2 protein chains.
Amino acid sequence: MKQLDFDTDVCEQLCEHDKNVCLAKAEMLVDEDAQSIAETFKILGDPTRVKILHALSKRELCVCDVSAVIGMGQSAVSHQLRLLRGARLVKHRKEGKMVWYSLDDEHISLLLAQGIEHVKHG
Amino acid sequence: MKQLDFDTDVCEQLCEHDKNVCLAKAEMLVDEDAQSIAETFKILGDPTRVKILHALSKRELCVCDVSAVIGMGQSAVSHQLRLLRGARLVKHRKEGKMVWYSLDDEHISLLLAQGIEHVKHG
DNA sequence: CTAATATATGAACAAGTGAACATATATAAT
DNA sequence: ATTATATATGTTCACTTGTTCATATATTAG
């Protein structure tokens, strides 16, 4: 395989398929965007968080309840909810000493559903 | 917080909200499914793979071209394509000594698009 | 056959991650 | 104020992950 010059945007001798490579390069995601998108999927890419999101897609739950539902300690759940919040996948609502969590919007429910569909074979 | 009995499906003294917890538990994803779903998202959760998928969503590319497009070594790209293949996110087609990759189906394109939309704020 | 090219794979290592534990904060009840 | 409850956070550690380097396989050309 030829050694490629990644530093130039000009399409010179890129493997065999200059046109393809040139076009693809022009349309490529910038690092920043790829990073952000990956970040979102990464948060979705953990079984505990998938379970939490799935539970929240049905109804609003407080931390304590999530903990009970998925059978995991309060601390672990709180950590995970923080990550989910950071990725704007869930939102929270304070009520006295309790905090109620739910999905940030219906978008998230869709994303999750598509992931599920892909697995149950799509 | 009360100590919970995770070993029983019977709803006894689960925090304050027995009903919610009981329902949520009944509808919860089984570990196996949560694992599979997370696995898929986990594969989507890496900037390099996001870039690869995005490039492939536009046109079929061979390994060499992907390598050139995203500016990363052939070995690294090959490893990533293997993971993507394992998650049925891409498919491949052999032609002589070259292997052409493309998205496994339009579903994947949608999943990716939804992730992008969520980031560009949805 | 041998050489060259395209891709795949194995090993190793740095960097990142999730869970558990201890502890901190915040609110409510007495 | 003191105690109890609900949640959040900091730290630690075993484990995973992505890249690189070296090498293997496969296909084609000569």
Side-chain angles (χ1 to χ4, degrees), chain A residues 1-4 6 13-17 20-21 31 34-35 38-39 41-52 60-87 90-101, chain B residues 1-4 6 13-17 20-21 31 34-35 38-53 60-87 90-101:
Chain A
M1 192 171 118
K2 300 186 197 115
Q3 211 29 48
L4 304 174
F6 300 132
Q13 304 281 64
L14 301 169
C15 202
E16 317 292 340
H17 326 97
N20 272 355
V21 172
D31 282 7
Q35 184 68 46
E39 212 103 340
F41 284 124
K42 195 178 298 185
I43 297 296
L44 286 161
D46 173 80
T48 298
R49 290 191 290 267
V50 165
K51 281 192 221 168
I52 293 176
E60 192 186 38
L61 292 169
C62 70
V63 178
C64 172
D65 289 349
V66 173
S67 175
V69 170
I70 71 170
M72 189 160 278
Q74 176 269 320
S75 175
V77 168
S78 200
H79 276 294
Q80 300 295 12
L81 285 170
R82 194 160 110 95
L83 292 177
L84 290 168
R85 223 171 343 121
V90 304
K91 62 186 173 199
H92 62 301
R93 173 175 77 79
K94 219 171 168 192
E95 186 183 298
K97 57 185 161 184
M98 286 193 309
V99 180
W100 294 87
Y101 281 87
Chain B
M1 194 171 119
K2 298 183 197 118
Q3 210 29 49
L4 306 173
F6 300 132
Q13 305 278 64
L14 302 171
C15 201
E16 317 292 339
H17 326 97
N20 272 355
V21 172
D31 282 8
Q35 184 68 47
E39 212 104 338
T40 296
F41 284 124
K42 194 177 299 184
I43 297 295
L44 287 162
D46 173 80
T48 297
R49 291 191 290 267
V50 166
K51 282 193 222 167
I52 293 177
L53 289 172
E60 192 186 38
L61 292 169
C62 71
V63 178
C64 172
D65 289 350
V66 173
S67 175
V69 169
I70 70 170
M72 190 160 276
Q74 175 270 321
S75 175
V77 168
S78 200
H79 277 296
Q80 299 295 12
L81 285 170
R82 194 159 110 94
L83 292 177
L84 290 168
R85 224 173 339 122
V90 304
K91 61 186 174 200
H92 63 301
R93 174 175 76 79
K94 219 174 168 189
E95 186 183 298
K97 55 185 160 184
M98 289 193 306
V99 180
W100 294 86
Y101 282 85

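Keep in mind it's a predicted model, so treat the numbers as computed, not measured.
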When rounded to the nearest 0.5 Å, the distance separating OG1 of Thr48(B) from NE2 of His79(B) is 13.0 Å
Whether each nucleotide of nucleotides 23-30 of chain C has a protein heavy atom under 4.0 Å at its base (B), only at its sugar-phosphate (S) or at neither (-) is summarised, 5' to 3', as ---SBS--
Exercise for the section: May I ask you to verify if any side-chain N or O of Arg85(A) is less than 4.0 angstrom from the OP1 or OP2 atom of dA8(D)? Expected result: yes
Rounded to the nearest 0.5 angstrom, the CH2-CG distance for Trp100(A) and Asn20(B) is 5.5 Å
Tyr101(B) atom OH is separated from dT7(C) atom P, nearest whole Å, by 9 Å
Here the distance between atom P of dT9(C) and atom CG of Leu83(B), to the nearest Å, is 11 Å
Separation between NZ (Lys91(A)) and CG (Leu84(A)), nearest 0.5 Å, reads 14.0 Å
In whole angstroms, the gap separating P of dT7(C) from CG of Leu81(B) amounts to 10 Å
From the list Arg93(A), Lys97(A), His92(A), side chain to side chain contact (heavy atoms under 4.5 Å, CB included) with Glu95(A) holds only for Arg93(A)
note: Trp100(A), atom CH2; dT7(D), atom P; distance rounded to Å ~ 8 Å
Heavy-atom nearest nucleotide on DNA chain C taken for Lys42(A) and for His92(B); more 5' hit belongs to His92(B)
Asp46(A) side chain near Gln80(A) side chain, heavy-atom distance below 4.5 Å: yes
Between CZ of Phe41(A) and C1' of dT17(C) the distance, given in whole Å, is 19 Å
Separation of dG16(C) atom P from Glu39(A) atom CD, nearest Å, is 11 Å
Are there any protein N/O atoms within less than 3.5 Å of an N/O atom in nucleotides 19-21 of chain C, and if so, which ones and at what distance?
unit_1	atom_1	unit_2	atom_2	d
dA19(C)	OP1	Thr48(A)	OG1	2.7
dA19(C)	OP2	Gln80(A)	NE2	2.3
dC21(C)	N4	Ser75(A)	OG	2.4

Closest heavy-atom pair, Val63(A) versus Gln74(A), reported as atoms and distance to 0.1 Å, is CG1-CG, 4.3 Å
Nearest heavy-atom contact between Val90(A) and Leu81(A) is CG2-O, 4.1 Å
Taken to the nearest 0.5 Å, the spacing of Lys51(A) NZ from Gln35(B) CD works out to 9.0 Å
